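These notes concern the structure reproduced below.
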Amino acid sequence: MPPPNTSWPLALSFTLLLALNLLIAPHAVHAQLRGRVGPTTSTAAKRASKVCSVLDHGATASKSSDIGPALVAAFAACKSGGTIYVPPGEYGMSTWVSLSGGQGWALQLDGVIYRTGTAGGNMIYIEKAKDVEVYSSTSQGAIQGNGFEYHKDNKNGCRILRLSHVQDFSIHDLALVDSPLFHLFLESTTNGEIYNLIVRGGNKGGLDGIDVSGANMWLHDIEVSNRDECVTIKDPSQYMLIENIYCNWSGGCAMGSLGGSAIDIHDIRFDKVYSANCNQMFMIKSNGGGGTVRDCSFDNFVGRHNAYTLDIDANWSQLKKAAGDGVLFRYLNFTGWHGSCSDGNRRAPVNIVCPDAKPCYGIRVSDFAVWTETGSKELYKCGNAYGEGVCLKGGAAVGGASLAGYAVTTMTVASAPSGWNAPTMAADLTTLGLSSSIPIPPVPTTFFPGATPYSKLAGGAAASAAAAKDRR
Ligand SMILES: *[C@@H]1O[C@H](CO)[C@@H](O)[C@H](O)[C@H]1NC(C)=O
Ligand SMILES: *[C@@H]1O[C@H](CO)[C@@H](O)[C@H](O)[C@H]1NC(C)=O
Ligand SMILES: *[C@@H]1O[C@H](CO)[C@@H](O)[C@H](O)[C@H]1NC(C)=O
């Protein structure tokens, strides 16, 4: 393990942040994060300062209306501090909104917004804002993208929600359903907390659940169903903790694809990820390029009926080869992987293929027990990869300079590894829609076998009563 690259002034401000966090944030800071996450002004303080209801800015609660202009107007009135409020009810949305700037505002979405417009882009785009909370106080707020209207003709449309350069924020207690394209896209976001969220998309590629880049982000207690990214780290990203994730029929969680020449991803931890009927349990995908992915851990993964399992593929054929020797992977830990995969002889549950010109090192795989659901043997494959466990070449776990590349070696596992059988989730998906409307699901109350979410649903009894009082 290399020394932490924290300089003294940074360490000092980190201590201050920690102290602040104790005063403001409801959650403790986790070691993986670099400081506090979430909005700096409380939900109640924002409401107390000002409430800008869309109903007072021209909206009508009707699926055939357009909430777009009213959202823009309510935002203008509350963006310097207050709560933009969408009361319970159904709203159509035919024009998209860009909520740019502002500070100390919340978007309280207790109603359901139905996409009716057909433009590309993003239904709701939030940028350059600080101290923001996007949530439903009843846990029943949702955005229904009705993507099936495109997907049945093999077409795509807009994204549902995109945040860019937003800091000190949270998104929680919402359902994002059937996006015509990506569901939640977070780029260059910092100090964010995303939780108690359900994403349910269509059964085809390109309909990503959550893509995130930035720093100091805590994503937890999230369920994604779709056929592409579940929760995926994009470049550049640092200090992120992703835990209690349920990929309930999905592409699976990943990093990538990493096509740049200066990839900079480090200090990311995934913990307690449950994947059923996914393309992979975890994949890091690149092809050429440059830069580094380092000091990350992937702990306590449970899988069932996934095509790929642990897959580092620096020769990823679906990505056009980028200029450069390849991305350097070093100090990546994979610990506590259990469950089964569809066919471990056809698709090796361990596939660690690093770049030919940049062998990876310090890769550790331990307590790995994933057995095949088909046949009686499975394969582990490693190429250009050094570290400890499975088929990794040992002896150079902490090395780095001048490690020789080597061709893929295959290890055959002919009996079930002990302890592979892991608990499943009661409600695993068996089918996923594409050509018909996808119902809005409730926000679940569990996301990993045996794990209790960090926060209760906002829409408990007290919260629902408060929301009812607000109805007008
Ligand atoms: C990986 O595991 C080793 C050995 O337990 C530990 O020293 C190191 O800190 C871990 N690295 C990460 C990034 O978790
Ligand atoms: C990666 O792809 C290149 C080009 O196809 C090939 O020559 C090389 O052997 C591959 N590396 C590994 C480790 O399989
Ligand atoms: C997983 O998806 C299926 C199908 O939509 C649904 O019936 C099930 O309730 C989901 N599981 C959970 C925990 O939400």
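These figures come from a predicted structure and were not determined experimentally. One-based numbering, in listed order, for ligands and for the atoms of each. Residue numbers start at 1 and run along the sequence shown.
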*Taking it one step at a time, do N351 and V408 satisfy side chain to side chain contact (heavy atoms under 4.5 Å, CB included)?*
CA-CA 9 Å; N351 187 59; V408 171; 5.6 Å; no
*For atom 5 (O) of ligand 2, is some protein heavy-atom partner under 4.0 Å away?*
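Under the 4.0 Å cut-off, atom 5 (O) of ligand 2 has no protein heavy-atom neighbours at all.
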*Report the C-alpha distance between H183 and I143 in whole Å, list the side-chain angles of each, state the deciding distance to 0.1 Å, and finish with yes or no for side chain to side chain contact (heavy atoms under 4.5 Å, CB included).*
CA-CA 10 Å; H183 292 79; I143 303 179; over 6 Å; no
_Ion pair E243/R269, N-O distance below 4.0 Å_ =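 Salt bridge absent between E243 and R269.
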*Salt bridge or not for E187 and K234, using N-O below 4.0 Å?*
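Result for this pair is no, no salt bridge flagged.
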*Stepwise side-chain hydrogen bond (donor to acceptor under 3.5 Å, both in side chains) check, S136 with T138*: CA-CA 5 Å; S136 166; T138 59; 3.0 Å; yes
Of all the atoms in ligand 2, which lie at a distance below 4.0 Å from a heavy atom belonging to [X]?
X	value
V408	13 (C), 14 (O)
V353	12 (C), 13 (C)
N384	13 (C)
N315	1 (C), 2 (O), 3 (C), 8 (C), 10 (C), 11 (N), 12 (C), 14 (O)

*Could you pull out, from N333, I363, D295, the option with a heavy atom nearest to atom 1 (C) of ligand 1?*
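Among N333, I363, D295, the closest heavy atom to atom 1 (C) of ligand 1 belongs to N333.
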*What's the verdict on side chain to side chain contact (heavy atoms under 4.5 Å, CB included) for L219 and I210, showing C-alpha distance, side-chain angles and the deciding distance?*
CA-CA 10 Å; L219 291 84; I210 301 181; 3.8 Å; yes
_Region of R364 engaging ligand 1 - heavy atom pairs below 4.0 Å_ =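 Only the side chain of R364 comes within reach of ligand 1.
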*Around atom 8 (C) of ligand 2, find the nearest protein heavy atom and jot down its residue, atom name and distance.*
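Its nearest protein heavy-atom neighbour is D356 OD2, 3.3 Å.
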